[in-house]
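Reckoned from all heavy atoms, side chains included, excluding hydrogens, waters and symmetry mates. All chains are named by letter (A, B, ...) in the order of the sequence lines, taking the proteins before the strands, and each is independently numbered beginning at 1.
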Number of protein chains: 2
Amino acid sequence: MAKGRLPTSPHDETPVNRAGSAERRHSSATGADRTSAKRRVTIREVANLAQVSLGTVSNVLNNPTVVAPTTRKRVLDAIDSTRFVRNTAAHQLRAGKSRTIGVVLLDIANPFFTEIVRGAEHVLREQDYVLMLCSTDESAKREQRYFRVLEEHRVDGILVCPVDSDLESAVALVARGIPTVLLDRDGSSHGLCSAAVDDIRGAELAADHLFELGHQAIALVNGPATIRQCIDRKEGARRSVKRARCYRSASLQEIVVGALTIDQGEGAVAALLAAEPRPSAVMCANDLLAFGVLRGLAAAGVGVPEEMAVVGYDDVVFASMLSPSLSSVRQPKYELGVAAAELLLEEVTGAPHEHRAIRFEPELVVRASSTPRPVSAPRAKRSRPG
Amino acid sequence: MAKGRLPTSPHDETPVNRAGSAERRHSSATGADRTSAKRRVTIREVANLAQVSLGTVSNVLNNPTVVAPTTRKRVLDAIDSTRFVRNTAAHQLRAGKSRTIGVVLLDIANPFFTEIVRGAEHVLREQDYVLMLCSTDESAKREQRYFRVLEEHRVDGILVCPVDSDLESAVALVARGIPTVLLDRDGSSHGLCSAAVDDIRGAELAADHLFELGHQAIALVNGPATIRQCIDRKEGARRSVKRARCYRSASLQEIVVGALTIDQGEGAVAALLAAEPRPSAVMCANDLLAFGVLRGLAAAGVGVPEEMAVVGYDDVVFASMLSPSLSSVRQPKYELGVAAAELLLEEVTGAPHEHRAIRFEPELVVRASSTPRPVSAPRAKRSRPG
DNA sequence: GAAAAGGAATGAATCGTTTCAAATCGGGCA
DNA sequence: TGCCCGATTTGAAACGATTCATTCCTTTTC
């Protein structure tokens, strides 16, 4: 193995374990057995064996009803005994459909997207579509490259959570004739299909919650402003602050990091603690950032939630198991994937179809990271009723 | 959206949020714009525009050096101005390569596999390969179905973490001429390429650790015995017990669950607490199970690690952030994906190549879930002295 | 008993590339 | 001048399916 060019994970969670790798060569043959892999069985051989024409075999495969039962049986037997497996490339070339869907998302390591993929896969699998997975790591260049490759493969459609805040790239796809549905992004402004959650509302829920707890200076650890979700979530927080100001002093400080990852969240803690006025609560643009913030706060010896309340976003499955358990804005992830895939299928199969923007509502889940502990009320600001 | 047939997630973490979904129809056109999607540009149109033959265009694309610079420029300009995008299906049909790799794994929602995918994607992306992602949810039937689909697509190769303990399915793939590399499974016994970690050793590390802490009755929450990793990890635990028995009384009880998920782990707690003699420590076949066990123990009011020590397996990134933080056997996940992908590439490109089994060493990471309190207490900084 | 009808099966054209033997073109050399 | 040669370019034959206008049989109908 070419250790020299071993790529390192952008997620530095997993230390490299080079020392421990061993390697064993087998005695068995080399590339020889690949050469010996006899050419694949074609429809023609099946036709010969079954004593019918090419067209008939094709009909058995695609229009079984038009071929006589006895002939059909003969062909099916021939297919079995030759172990024929249809060549999708040839099919696609003539028939125009590839039974392939591209899924382009920001980070497959984020459990939020993982759940979306599960939902989409569930729907698509049943129609024998296969997913081409593309993780952009928030790089526009990589996204562009993947779009290109997917177009070369003539995918039947694309599910995409775009990197850039404008929707140009997605609109361009549609313009080039590729059915496209936005994931976790609203597309109604550009006439695109989409399955999304109201991010402004979600951030409002989070910020309102913090203000209701009595916090006055809150911080938002946010991702790059190129990502729409980050813009919207900031907007939601801003609206909440504006409302809160009617009743009390309220401020919002934004700390922008380079990516929506655990490490970046941890790195934001220094800035968070140095901010003036020092915030007593922080909301994060997603759960991974919040995980990092929690870790960083723990390392700095800052008590959560006593000294700093924390709220995340996404409510990924692990949020409830952290120490302390993380309050978060829940999004219906699996359903998002399902809805997007169904929308795309409609468009792909040419079903009567209007472009639609499906929108889910977020929901705040309050847990320990933003709940004053009953036993130890550190400060005299018990704003919570009861 | 056809809510009626909304599939439900096998992972029940995410409650359905049906009430909150809204839908907006756009005014823009329907399928019409798909019809209007003018036929794709072909190599022929490029040839016409550039005043050369088909073969020359093809050469510009595949053997740029054999065509004269001036001609090449003319063709490239024509490609630009027509926005030509090569059709992979046609390429594949003639040239035999699809630049596509199938990745078949047990559960894409498991961060362990996610990291592997990241590693594999990193390597393959650079060669312009695209991944076809297939998550089997430990179902042999689904695995079989996916293999079939991947073969129809004529993927250049497959990375697979097989469902069944025997390697028949993988061997069958190779027999059918599809280069295959095992993920997280040793293949040397069957002459298959593989990138794996020594699971027996890993489980020994975990069990040894527990016995060294003084535990005598330990439990293993294990997945189905159809999965090789589960078999091996049990074997490792068994060996450890045998050794421990030389010095003290030591016992191992196995609790088998249906799948390697959080929910199944939580469900195993009842059996765990009812076992006779009641174990004082439990090791789990993977971290997701351990997460569930931790949750179940917390719900049952059993203190970890005082009343029950817990050790997981995989050391997924979230393990260190749980409450309490989870001891686990670390596997080099990202590197596993990288190694497997590189191995597969060798085979696919026909590089001089012997089948090889790359083996990494596991490493025990001890954290709070298996550490007697006194050790961790002094380090914890407290906001409230007391 | 002949014609019409209709169900089955055929096979050539086609999809968009790659491949490769053959044609073409300019010189260089004897 | 004529021939040969290497560098370019050409064009037709694959690749493995699908499509569809035809042909071939049976039946049915009158």
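Here B:Thr42 does not reach the OP1 or OP2 of C:dG16: none of its side-chain N or O atoms lies under 4.0 Å away. For C:dA9, neither phosphate oxygen OP1 nor OP2 lies less than 4.0 angstrom from any side-chain nitrogen or oxygen of A:Thr56.
Distance B:Leu61 CG to C:dG16 P: 15 Å, rounded to the nearest Å. Rounded to whole angstrom, the span from the CZ atom of B:Arg44 across to the P atom of C:dG16 amounts to 9 Å. With rounding to whole Å, A:Arg72 atom CZ is found 14 Å from C:dA9 atom C1'. Protein atom CZ of A:Arg154 is 9 Å distant from nucleotide atom C1' of C:dG16, rounded to whole Å. Per the geometry, CG belonging to B:Asn48 stands 13 Å off P belonging to C:dG16, to the nearest Å. Atom pair A:Glu151:CD and C:dG16:P shows a separation of 14 Å (rounding to whole Å applied). Distance B:Asn87 CG to C:dG16 C1': 6 Å, rounded to the nearest Å. Separating the CD1 atom of B:Ile79 from the C1' atom of C:dG16 is a distance of 14 Å, rounded to the nearest angstrom.
Both B:Arg74 and A:Leu93 lie close to DNA chain D; mapped to their nearest nucleotides by heavy-atom distance, the more 5′-ward contact belongs to B:Arg74. Residue whose closest nucleotide on DNA chain C sits further toward the 5' end, between A:Leu54 and A:Val66: A:Val66.
Salt bridge status for A:Glu121 with B:Arg142: absent, with no side-chain N to carboxylate O gap under 4.0 Å. A salt bridge is absent between A:Asp156 and A:Arg99: the closest approach of a Lys/Arg side-chain nitrogen to an acidic carboxylate oxygen does not fall below 4.0 angstrom.
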Please report the C-alpha distance between B:Asp77 and B:Ser81 in whole Å, then the side-chain angles of each, then the deciding distance to 0.1 Å, and finally whether the side-chain hydrogen bond (donor to acceptor under 3.5 Å, both in side chains) criterion is met. CA-CA 6 Å; B:Asp77 287 349; B:Ser81 67; over 6 Å; no
Could you go through the side-chain hydrogen bond (donor to acceptor under 3.5 Å, both in side chains) check for B:Ser169 and B:Glu143 one step at a time? CA-CA 9 Å; B:Ser169 61; B:Glu143 181 182 272; 3.3 Å; yes
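Among the protein residues, B:Val52 comes within range of the sugar-phosphate backbone only, with heavy atoms under 4.0 Å from sugar or phosphate atoms but none that close to a base. Using a 4.0 Å heavy-atom criterion, one finds that B:Thr88 contacts no nucleic acid atom at all. At the heavy-atom level, B:Val67 lies under 4.0 Å from the strands shown only through sugar-phosphate atoms.
Between A:Ser98 atom OG and A:His91 atom NE2 the span is 9.0 Å, to the nearest 0.5 Å. Taken to the nearest 0.5 Å, the CG atom of A:Leu344 stands 4.5 Å off from the CD1 atom of A:Ile101.
Residue A:Leu182 forms a side chain to side chain contact (heavy atoms under 4.5 Å, CB included) with just one option from A:Cys193, A:Cys161, A:Pro162, and that option is A:Pro162.
Boundaries of the chain A contact region on DNA chain D are D:dG16 to D:dT19, first to last in 5' to 3' order (nucleotide atom under 4.0 Å from a heavy atom).
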